There are 2 protein chains.
Amino acid sequence: MRDATPQGTYKVQALDRAFAVLDLLGESDTPLGLAQVAASLQLHKSTAHRFLMVLERHRMVERTSNGKFRLGLRLFDFGNRAIEQYDLRDRAQPHLRRLVAETEETAHLALLEAARVIYIDKIEPTRSVRMITRVGASNPVHCTAVGKAMLAFLPPERSAEILKRVRFERMTTRTIATLDALRTELEKTHRRGYAVDDEELEEGLRCIAVPVLDAQRLPVAAVSVSGPSFRVTAQKLPSIANHLLQCVRGISMDMGYMPSGRGARSAVLA
Amino acid sequence: MRDATPQGTYKVQALDRAFAVLDLLGESDTPLGLAQVAASLQLHKSTAHRFLMVLERHRMVERTSNGKFRLGLRLFDFGNRAIEQYDLRDRAQPHLRRLVAETEETAHLALLEAARVIYIDKIEPTRSVRMITRVGASNPVHCTAVGKAMLAFLPPERSAEILKRVRFERMTTRTIATLDALRTELEKTHRRGYAVDDEELEEGLRCIAVPVLDAQRLPVAAVSVSGPSFRVTAQKLPSIANHLLQCVRGISMDMGYMPSGRGARSAVLA
DNA sequence: TATAATTTCTCATATGATGGGACACGCGTC
DNA sequence: GACGCGTGTCCCATCATATGAGAAATTATA
């Protein structure tokens with residue numbers, strides 16, 4: 001019942017197991033004891049114990065006062081090193097803040113990885129219901145505005161590559177369920193210049209997103225505004241989209257992506 | 001020259017090696033090729049290759065377009081899960097923002113782990129030189145204001161435990177270099193109610209910090225304000241300290257740490 | 001194109017992870 | 001206080017598993 005990555009031919013048992021441990025601890029919202037870890041992963045106590053001790057030495061896990069295990073702060077360190085390379089995040093932040101101030105809704109910054117989107121930042125308006133998303137978490141492309149925004153502006157060959165891998169999990173009744181439907185949606189998105197997720201990921205939640213384009217006019221990320229459907233109404237979409245476009249234009253400038261010189265501005269920024 | 005954790009008796013070679021790979025990629029600011037990884041870690045090509053493939057399958061590393069390796073976003077995911085358990089961070093953020101607005105200098109939120117402090121959040125004023133610190137990074141306790149702030153308000157037995165482990169690395173000419181000196185400094189800190197780092201970590205950088213106390217009046221974290229010495233002058237310290245105290249009081253409240261009921265307020269909040 | 005420097009893959013070998021099981025602890029029950 | 005149960009810790013003989021030499025394939029460099 002764990003993640004299906006069947007084509008992975010290279011194997012190092014110890015590593016797979018260690019990551020399974022980390023996974024487990026990451027999923028659980030409460031620290032786990034040795035016994036629970038061993039049982040959940042079908043490892044024998046001594047094995048699980050050894051792993052946990054080694055992981056602890058590396059500060060990948062740490063023990064609570066009562067001896068239970070949870071994820072360690074080393075991971076936090078690594079995580080921050082990992083996104084550091086994408087300085088996109090730092091640069092984008094002020095623009096996202098402005099966006100949130102303007103729209104009074106939650107803004108997300110996401111990257112595309114395989115057929116999933118990964119949220120690398122989230123800004124929430126001061127007074128609002130907190131969103132469930134966690135920075136670092138991921139969602140399938142097909143049911144998110146950010147995902148569709150990036151796909152729609154990727155060159156055909158790259159998007160085709162990704163589309164092949166979409167699994168079309170159903171999240172709500174409105175989730176796009178077929179490749180054809182997604183293709184049509186992407187064309188619509190491209191024409192419109194922004195992507196919409198109309199309760200396709202989560203009941204009652206509406207999002208709207210536009211891609212951040214690099215110097216070659218290729219999407220490197222996407223910014224979205226999300227809020228409860230009753231506030232993010234169909235009428236408001238164009239206005240929000242405008243704020244979004246301003247925002248990503250700002251980000252692109254800050255990243256040093258020239259407005260692509262002369263004429264020929266893409267549909268998005270036009 | 002690697003990390004000295006000699007007493008760690010439990011060993012899983014594969015894990016140690018895998019983490020060494022991650023470490024290496026984390027240190028390097030530019031992606032590395034298989035050959036470089038293998039050479040740096042004295043692993044044989046095939047071994048390094050296998051590891052990298054497995055790590056890639058787990059998305060702990062990813063490949064750039066030219067085939068080189070760097071840290072993967074899965075680590076970012078894990079890191080955020082790890083920090084999630086300390087919801088301190090989320091709760092503290094608004095208070096830190098206010099603090100930054102008031103002082104116009106950079107604020108940090110840090111935790112204590114072993115004899116080091118780990119920065120779990122950083123807020124920078126809009127117009128300012130960017131600080132070099134990275135969220136997730138760590139520093140020795142003895143040369144940071146946050147470290148001294150926490151140590152000074154820890155119960156003697158706990159702080160003694162930590163003091164034993166301090167290595168007294170020299171960072172600048174002003175870095176505290178002996179256990180005795182540190183002890184005196186901690187007493188001073190305790191009396192004063194706030195800790196000061198006067199260019200002890202970095203030339204030209206002055207910091208001031210106070211601990212965040214939990215319901216049992218124990219430090220769980222510390223908040224600091226840092227800036228160039230010419231702006232963060234000796235005269236300004238008390239005023240900044242006041243803002244800091246307000247800030248941590250706010251955080252404590254938000255965390256549900258009651259103002260400890262009746263009388264007996266600690267020196268810090270008094 | 002030739003040549004060098006990569007990365008990828010295969011496979012026999014012995015190293016090193018494995019898990020059975022013994023021990024020690026804390027805790028509630030009898 | 002003795003017993004049982006559920007913990008976590010530790011040791012060590014066994015063999016499954018990771019290992020690295022080297023060949024093949026790919027990509028960069030001259």
Side-chain angles (χ1 to χ4, degrees), chain A residues 2-3 5-25 28-72 114 157-158 161, chain B residues 2-3 5-25 28 30-72 114:
Chain A
R2 208 105 282 284
D3 61 5
T5 323
Q7 81 282 32
T9 165
Y10 294 91
K11 213 179 171 184
V12 177
Q13 195 192 51
L15 271 189
D16 286 333
R17 288 177 162 185
F19 289 134
V21 170
L22 292 181
D23 250 328
L24 184 68
L25 294 178
S28 154
D29 39 341
T30 148
L32 301 175
L34 168 62
Q36 316 180 55
V37 173
S40 309
L41 299 174
Q42 320 226 53
L43 295 177
H44 291 246
K45 291 188 309 179
S46 14
T47 311
H49 182 249
R50 188 160 3 92
F51 275 111
L52 285 165
M53 297 313 268
V54 174
L55 288 172
E56 187 188 23
R57 179 156 49 79
H58 286 277
R59 295 178 28 237
M60 305 304 259
V61 310
E62 56 186 40
R63 315 194 72 163
T64 60
S65 42
N66 54 64
K68 300 206 178 292
F69 297 90
R70 65 171 168 198
L71 294 184
E157 62 279 12
R158 294 260 325 264
E161 187 63 34
Chain B
R2 209 101 282 286
D3 59 6
T5 322
Q7 81 283 33
T9 167
Y10 294 89
K11 212 177 172 190
V12 177
Q13 195 192 52
L15 269 189
D16 287 332
R17 288 175 161 188
F19 288 134
V21 170
L22 292 181
D23 251 327
L24 183 70
L25 294 179
S28 154
T30 148
L32 300 175
L34 167 61
Q36 316 181 53
V37 173
S40 309
L41 300 174
Q42 321 225 54
L43 295 178
H44 290 245
K45 289 167 336 157
S46 11
T47 310
H49 183 250
R50 189 161 0 93
F51 274 110
L52 285 165
M53 297 314 269
V54 174
L55 288 172
E56 188 189 23
R57 179 157 47 80
H58 287 278
R59 295 178 29 237
M60 307 302 263
V61 310
E62 56 185 40
R63 316 194 69 164
T64 60
S65 42
N66 53 62
K68 301 206 176 295
F69 297 90
R70 65 171 169 199
L71 294 183

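Residue numbers start from 1 in every chain, and the chains themselves are labelled A, B, ... in the order their sequence lines are given, proteins ahead of strands. All values reported here derive from a predicted model rather than from experimental measurement.
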For this session: Just jot down the side-chain hydrogen bond (donor to acceptor under 3.5 Å, both in side chains) partners of B:Ser40, sequence neighbours excluded, or say none.
Result: none
Problem set entry | Which residues share a side chain to side chain contact (heavy atoms under 4.5 Å, CB included) with A:Asn66, sequence neighbours left out | A:Thr64, A:Lys68
Seminar exercise, completed: Separation of D:dG8 atom C1' from A:Leu52 atom CG, nearest Å, is 11 Å
Exercise. Taking atom P of C:dT7 as reference, at what distance in whole Å does atom CG of B:Leu32 sit?
Worked result: 10 Å
Exercise. Can you name the side chain to side chain contact (heavy atoms under 4.5 Å, CB included) partners of A:Arg17, sequence neighbours left out?
Worked result: A:Gln13, A:Leu43, A:Thr47, A:Phe51
For this session: Any salt bridge (charged side-chain N to carboxylate O under 4.0 Å, His left out) involving residues 39-56 of chain A? Give me the pairs, sequence neighbours left out, ordered by first then second residue.
Result: none
For this session: Apply side chain to side chain contact (heavy atoms under 4.5 Å, CB included) to the pair B:Val12 and A:Met53, showing each step before the final yes or no.
Result: CA-CA 10 Å; B:Val12 177; A:Met53 297 313 268; over 6 Å; no
For this session: Whole angstrom is fine here: how far is it from CG in B:Leu41 over to P in D:dG20?
Result: 12 Å
Exercise. End-to-end bend of the helix from C:dT1-D:dA30 to C:dC30-D:dG1 (five-pair axes, 10° rounding)?
Worked result: 40°
Exercise. Base, sugar-phosphate, or nothing for B:Gly33, non-hydrogen atoms under 4.0 angstrom?
Worked result: sugar-phosphate
For this session: Starting from P on C:dT7, measure out to CG on B:Asn66 and report it in whole angstrom.
Result: 10 Å
Problem set entry | Set of salt bridge (charged side-chain N to carboxylate O under 4.0 Å, His left out) partners for A:Arg70, sequence neighbours left out | A:Glu62
Problem set entry | side chain to side chain contact (heavy atoms under 4.5 Å, CB included) involving B:Ser46 - partner list, sequence neighbours excluded | none
Exercise. Which parts of nucleotides 8-25 of chain C does protein reach within less than 4.0 Å, heavy atoms only, written one letter per nucleotide 5' to 3' as B for base, S for sugar-phosphate only and - for none?
Worked result: BB------SSBBBB----
For this session: Taking all heavy atoms of A:Leu71 and all of A:Leu22, pick out the closest pair and write down the distance.
Result: CD2-O, 3.6 Å
